[in-house]
Amino acid sequence: MRLPIPWKKNRLPPFTCTNHLYFTTSNLTRLITMLSSPPPPPSSNSLASTHLQSSPQNHQLISILEQCRTMKELKQIHSQMIRTGLIRSPVERRRLLSFCCTQQSGEMDYARLLFDEMPNPDLFDWNSMIRGYSNRHFPEAAVLVYVEMLARGFVPDDYTFPFLLKAFTRDAAVELGDELHAHALKFGLSSNAHVRNALIRMYSTSGEIDTARELFERSSKRDAVMWNAMISGYNRSKQFVESLKLFEGMMKASVPPTPVTYISVLSACARSKHLEYGARIHGVIKESGMLPNLKIENALIDMYAECGDMDEAWRLFEGMKVQDVISWTAVVAGFADSGEIDRARMLFDQMPERDSISWTAMIDGYVRASRFKEALEIFRVMQVANVRPDEFTMVGVLAACAQLGALGVGEWMRLYMERNKIRIDIFVGNALIDMYSKCGSVERALEIFNMMHRRDKYTWTAIIMGLAVNGREEEALDLFSKMLGTSVRPDEITYIGVLSACTHAGLVDEGREFFSSMITEHGIMPNVAHYGCLVDLLARAGQLEEALETINNMPMKPNSTVWGALLGACRIHRDVEMAELAAEHLLELDPENNAAYVLLSNIYAKCGKWDEVRKVRQMMMDRGIKKTPGCSLIEVNGEVHEFVAGDRSHPGSDRIYSKLEEMGKELKFAGYVPDTSEVFLDVGEEEKENAVYWHSEKLAIAFGLISLQSGVIIRVVKNLRMCFDCHNAVQFVSAVYDREIVVRDRTRFHHFRGGLCSCNDYW
DNA sequence: GTAGGGTTAG
């Protein structure tokens, strides 16, 4: 079939007029051919139905049908219609079908049954079916009906495509968009404004914003709706500057903006944090006489809140005659974002009505405020309130699980999603990979990665990072080279993952190579974090001088992470002189950095320089600097337990400490010697032993040994780096108690099994 | 006798 399609050749190759194979090879066409069948015989009951309709009983039924509100009522009416024979009237049948397809309460399964019973469905009925599936967000089902319709010899009209395309998700738009566009052209419908706007929307959904723009440009008449469609298309592709430019163009073309125009433009200002422009638009809106208007006011509140002007957002909110759930959510999210999380919570509790978006905004607020347990707690309350979480919600709670290292809760979330039919879309998939990686369950992370159909740079970055910190550096680098074979490009964060893989594995040469190919091959200029990785890589591998040289030659000012990396390596390599230099720079940049003091004193202590240790301690006291207390989390039965060193606040404390004592004996029997070289205090040997005995991770592990069945992996999350003694002790525990233990510390994972650690003592 | 554009969250 050759199609007379006037279209630019280089832009849309699959259906330009030169490609006449298109319709014969496509999936849709194959389906259409497969389904093609002779049309059903014409109905023979039209006369009868005319006769039936006139009975008084049927008149009554028809008027009840007109007022019908629920499916239950509809089904009753339907059965009566069958009894009286009214069902044979095509008009009344159609009314039943329309109800199912267009009403909120309508059911598409029932619609399909009705439709299949229709002797002669016409184009209106086919459109109704398509519209019904579309409204319920079943694009695939809508397309199938469309295909069936073509196979039965019907020709779509200018209603068909807007209905069909309305529900298109990104996947559907990518897969079928071009082909359906070709159909619209073939049927001569593409110049219809409704069809064209539907196509513009569809292309901006599939990411082909330039194609959308081309449709827009090629239109002879552009009304406000078309401008709006194009502006929101740019919003959808996150090209906010283009949205604003287009709005300017609309003004120049003297097309009067509608409320929707302003809502879209304000959204563009909000998301690009363009407060000044937003405020100007605010002025224009005031003059337009469109206010008060709930939706515009909501957009204004959102714009001010996102741009950080909470005073103005709050003023607007308070001045509103009516507020809806969107207005409330915008201020709650605004306060949460600006750091006033408790105020946000207070408002949240006052909300007259909360939907899943409001709950999600609150959950995300807690996550951003690093209050992860509260994020999980409010998710629980959300379920009590019987509000159904969606994909967005799950991303938030999974992030909380990731930070807490709460694998059990994370697993529960995944089951929950399965049971509640929450899809693993690309965002949820990425969040799951991150959660599993940060909980040390890299196998599960890989499972998710492998089942994802679509992967973006965040997907690849998450899995590369996950493998890198879990001691599977080679696989991380393998996946990175696989990533380079796809169309997804790495960004600066991906390279942090790649470089940390090299650091953890001590792959100095490879790391150097990646560092330079990042610049030469991908045009990514290294930032201070990349230099931090490079310094870490060199220093940890013992090339301290070279690391220092790198710092001195950096094109930007080194930050505390960079000096911290050098200082940390000095601890491993016991280089006091270099440590002093690094600490000096570090404290100059960040005088409050308690980790620097602690590291320096650790190094002095290791080298037996007790006078120096005392000096550092004195300095800390003089300056009022306190060591961040070590803190370890362990999850048991879905509850996260928290321990700090020497902690006795846990209800099971007595049992934990006696377990700890027993552990000490067992470990010593197996050859473990406490390594007190890093103890911060200059005290007697016995006290030092106690000091390391009571480190938070040992408490958490003792608790894990008591409360978790044998065979269950003990997983602990620690806020600081593990000390040498704990690392050594846990290796012994894994052998003596035959337990797999996973500890996530500040920088990486340690998987202990059979007396060995996945980090090969290189951390 | 049906329809097109929009806002709050990752």
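Residue numbers start from 1 in every chain, and the chains themselves are labelled A, B, ... in the order their sequence lines are given, proteins ahead of strands.
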Q) For A:Met81 and A:Arg93, which heavy atoms make the closest approach, and how far apart are they? A)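 Looks like CE-N, 4.4 Å.
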
Does [N] have OP1 or OP2 under 4.0 Å away from a side-chain N or O of [X]?
{"X": "A:Arg196", "N": "B:dG5", "value": "no"}
{"X": "A:Ser232", "N": "B:dG6", "value": "yes"}
{"X": "A:Lys166", "N": "B:dG5", "value": "yes"}
{"X": "A:Ser358", "N": "B:dA9", "value": "no"}
{"X": "A:Arg201", "N": "B:dG6", "value": "yes"}

Assign [X] to base, sugar-phosphate, or nothing according to its heavy-atom contacts below 4.0 angstrom with the strands shown.
{"X": "A:Tyr262", "answer": "nothing"}
{"X": "A:Ala299", "answer": "nothing"}
{"X": "A:Glu306", "answer": "sugar-phosphate"}
{"X": "A:Asp157", "answer": "base"}
{"X": "A:Asp324", "answer": "nothing"}
{"X": "A:Asn127", "answer": "base"}
{"X": "A:Ser128", "answer": "nothing"}

Is any N or O donor-acceptor pair between the side chain of [X] and the base of [N] shorter than 3.5 Å?
{"X": "A:Asn228", "N": "B:dG4", "result": "no"}
{"X": "A:Ser264", "N": "B:dG5", "result": "no"}
{"X": "A:Asn235", "N": "B:dG6", "result": "no"}

(Q) Tell me if the NE2 atom of A:His282 is crowded by more than 12 foreign heavy atoms within 6.0 Å. (A)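 Atom NE2 in A:His282 is packed in, count exceeds 12.
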
Q. Would one find more than 12 heavy atoms of other residues, nucleotides or ligands at under 6.0 Å from atom NZ of A:Lys273?
A.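 Atom NZ in A:Lys273 is packed in, count exceeds 12.
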
What is the distance from [atom1] of [X] to [atom2] of [N], rounded to the nearest Å?
{"X": "A:Arg236", "N": "B:dT8", "atom1": "CZ", "atom2": "P", "answer": "11 Å"}
{"X": "A:Ile357", "N": "B:dA9", "atom1": "CD1", "atom2": "C1'", "answer": "6 Å"}
{"X": "A:Met226", "N": "B:dG5", "atom1": "CE", "atom2": "C1'", "answer": "10 Å"}
{"X": "A:Met230", "N": "B:dG6", "atom1": "CE", "atom2": "C1'", "answer": "15 Å"}
{"X": "A:Trp328", "N": "B:dT8", "atom1": "CH2", "atom2": "C1'", "answer": "15 Å"}
{"X": "A:Phe216", "N": "B:dG4", "atom1": "CZ", "atom2": "C1'", "answer": "14 Å"}
{"X": "A:Ile263", "N": "B:dG5", "atom1": "CD1", "atom2": "P", "answer": "13 Å"}
{"X": "A:Asp223", "N": "B:dG6", "atom1": "CG", "atom2": "P", "answer": "13 Å"}

Q.
Determine whether the aromatic ring of A:His194 stacks with the base of B:dA3, defined as ring centroids separated by less than 5.5 Å and ring planes inclined by less than 30°.
A.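 According to the criterion (under 5.5 Å, under 30°), yes, A:His194 stacks.
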
Minimum-distance nucleotide (side-chain atoms of [X] versus [options]):
{"X": "A:Ile326", "options": "B:dG4, B:dT7, B:dA3", "answer": "B:dT7"}
{"X": "A:Arg368", "options": "B:dG5, B:dG10, B:dA3", "answer": "B:dG10"}
{"X": "A:Val395", "options": "B:dG4, B:dA9, B:dG10", "answer": "B:dG10"}

Taking ring-ring contact (aromatic ring centres under 6.0 Å, His included) as the definition, give me every residue that meets it alongside [X], ordered by chain and number, with sequence neighbours left out.
{"X": "A:Trp328", "value": "A:Phe317"}
{"X": "A:Tyr458", "value": "none"}
{"X": "A:Tyr416", "value": "A:Phe379, A:Trp412"}
{"X": "A:Phe348", "value": "A:Trp359"}

Q) Quick one: side chain to side chain donor-acceptor pair (under 3.5 Å) partners of A:Thr160, sequence neighbours excluded? A)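 Scan of A:Thr160 (side chain to side chain donor-acceptor pair (under 3.5 Å), adjacent residues dropped) gives A:Asn127, A:Asp157.
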
Q. With side chains defined as the heavy atoms from C-beta onward, is the minimum distance between A:Arg414 and A:Ile448 less than 4.5 Å?
A.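 Yes, close enough: below the 4.5 Å cut-off.
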
Q.
Using a 4.0 Å cut-off on heavy atoms, which residues in residues 427-435 of chain A reach DNA chain B? List them by number, or say none.
A.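 Those residues whose heavy atoms fall under 4.0 Å from DNA chain B, taken from residues 427-435 of chain A in numerical order, are A:Phe427, A:Val428.
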
